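Here the structure comes first, spelled out in structure tokens, and everything after it is commentary.
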Protein chains: 2
Amino acid sequence: MSTRTAAQRRAEAGSAYDAYLAECPARQLLDRIADKWVSLAVNALADGPQRYSDLHRRLASVSQKMLTQTLRHLERDGLVSRTVTPAVPVRVDYELTALGRSLLPVMCAIKGWAEEHMDEVHAARTAYDAPS
Amino acid sequence: MSTRTAAQRRAEAGSAYDAYLAECPARQLLDRIADKWVSLAVNALADGPQRYSDLHRRLASVSQKMLTQTLRHLERDGLVSRTVTPAVPVRVDYELTALGRSLLPVMCAIKGWAEEHMDEVHAARTAYDAPS
DNA sequence: CGGTATCCGTGACGATACTG
DNA sequence: CAGTATCGTCACGGATACCG
């Protein structure tokens with residue numbers, strides 16, 4: 001039992017993981033969700049199930065590769081479900097799971113903060129970059 | 001006045017920026033704050049002003065280069081203030097500004113979510129990776 | 001102490017072409 | 001339509017050394 005890490009012992013004690021530690025699994029999860037593509041994708045899925053092509057059109061700034069990769073990661077992590085409807089042509093829908101919806105308020109808040117405080121940040125940058 | 005971008009006109013109309021568009025400045029800001037280093041740094045500064053060495057010790061998983069770079073970005077964006085106290089040796093303190101504190105609840109929520117839902121995500125991954 | 005400067009490998013990311 | 005595969009690039013980020 002002495003081989004347990006600090007994070008493991010902390011978890012068993014009822015306390016949470018500590019994302020500051022590189023070895024902590026919560027840290028890896030944080031790396032995963034604190035990601036620009038994830039924040040955009042989850043936000044886009046807020047309105048309900050969406051087809052791949054709809055998502056791709058909405059997130060015009062995301063390449064096909066990154067969108068697919070992000071959706072795969074989210075699916076693996078249990079945040080989105082992927083439903084394939086066999087037809088010609090094939091139809092694939094993505095939808096947030098219950099777990100995914102629990103993350104939605106946070107992702108929405110981040111996107112909202114960025115859009116809301118854009119002007120203040122821009123002003124701060126201008127001041128910072130101001131020549132001597 | 002006809003040279004304004006769609007984002008600028010939207011802002012003046014009272015509506016927010018649209019972070020889905022690559023050209024939108026809010027998108028760049030989102031890219032900046034939806035970052036693992038930023039989320040860790042802002043969270044670490046939640047308790048009040050901290051010295052560089054304290055931060056570095058706390059965020060053991062962050063290299064000196066990334067920590068400095070992240071703090072510089074946050075300073076430029078007006079989220080963090082940097083105070084140098086001339087002495088031997090030099091002392092540098094970092095502190096969240098009012099703008100930075102407005103972001104704190106969101107960053108805290110992200111880190112909290114990661115630590116809280118770690119087990120569920122881990123279970124989802126195991127299920128996803130389960131061989132045929 | 002609190003950085004900066006430099007090197008350098010890895011992998012993120014976009015563009016393109018192809019498939020079921 | 002919804003991908004997968006492959007390639008090339010370039011910036012992220014770690015390691016190391018040096019500076020005020």
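FYI, side chains are in, hydrogens and waters are out, and symmetry mates aren't considered; it's all heavy atoms of this structure. Protein chains get the first letters and strands the later ones, always in sequence-line order, with residue 1 at the start of each. These figures come from a predicted structure and were not determined experimentally.
- Of the residues in residues 55-86 of chain A, those with a non-hydrogen atom less than 4.0 angstrom from any atom of DNA chain D are A:Gln64, A:Lys65, A:Thr68, A:Arg72, A:Arg82.
- In terms of the salt bridge (Lys or Arg N to Asp or Glu O under 4.0 Å) criterion, B:Arg72 has no residue partners (sequence neighbours excluded).
- By the side-chain contact (heavy atoms from CB on, under 4.5 Å) test, B:Val106 is found to be paired with A:Ala109, A:Ile110, B:Leu103, residues two or more places apart in sequence or in another chain being considered.
- Between the side chains of A:Thr83 and A:Tyr94, no donor N or O sits under 3.5 Å from an acceptor N or O.
- Contacts of A:Arg82 classified as salt bridge (Lys or Arg N to Asp or Glu O under 4.0 Å), with partners at least two apart in sequence or in another chain: none.
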Return all side-chain donor-acceptor pairs below 3.5 angstrom for residues 26-34 of chain A, not counting sequence neighbours, or 'none' if the list is empty.
| residue | atom | partner | partner atom | Å |
| --- | --- | --- | --- | --- |
| A:Arg27 | NE | A:Asp31 | OD1 | 3.0 |
| A:Arg27 | NH1 | B:Ser61 | OG | 2.3 |
| A:Gln28 | NE2 | A:Ala22 | O | 3.0 |
| A:Arg32 | NH1 | A:Asp77 | OD2 | 3.3 |

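- Proximity of B:Ser53 to the phosphate of C:dG2: a side-chain N or O atom is located under 4.0 Å from OP1 or OP2.
- Applying the salt bridge (Lys or Arg N to Asp or Glu O under 4.0 Å) test to residues at least two apart or on different chains, the pairs with a partner in residues 93-105 of chain B are B:Arg91-B:Asp93.
- For C:dG2, one of the phosphate oxygens OP1 or OP2 lies less than 4.0 angstrom from a side-chain nitrogen or oxygen of B:Arg51.
- Take B:Asn43 and apply the side-chain contact (heavy atoms from CB on, under 4.5 Å) test, not counting sequence neighbours, and it matches A:Tyr20, B:Met107, B:Cys108, B:Lys111.
- For DNA chain D, the contact window with chain B, defined by any atom under 4.0 Å from a protein heavy atom, covers D:dG13 to D:dA15 in 5' to 3' order.
- With sequence neighbours excluded, no residue forms a salt bridge (Lys or Arg N to Asp or Glu O under 4.0 Å) with B:Arg51.
- The distance from atom OH of B:Tyr52 to atom P of C:dC1 is 12 Å, rounded to the nearest whole Å.
- Near DNA chain D, meaning a heavy atom under 4.0 Å from it, residues 37-50 of chain A has no residue at all.
- For the helix from C:dC1-D:dG20 to C:dG20-D:dC1, the rotation axes defined at the first and last 5 base pairs enclose an angle of 50°, given to the nearest 10°.
- Around atom NE2 of A:His122, no more than 12 heavy atoms belonging to other residues, nucleotides or ligands sit under 6.0 Å away.
- Taking the ring pair (Phe, Tyr, Trp, His ring centres under 6.0 Å) definition, one finds that B:His73 meets it with nothing, sequence neighbours left out.
- Taking the side chain as every heavy atom from C-beta outward, A:Gln64 and A:Tyr52 approach each other to under 4.5 Å.
- For the pair A:Ser39 (side chain) and A:Lys36 (backbone), a donor-acceptor distance under 3.5 Å is present.
- Salt bridge annotation for A:Asp129-B:Arg76: present, with a cationic side-chain nitrogen under 4.0 angstrom from a carboxylate oxygen.
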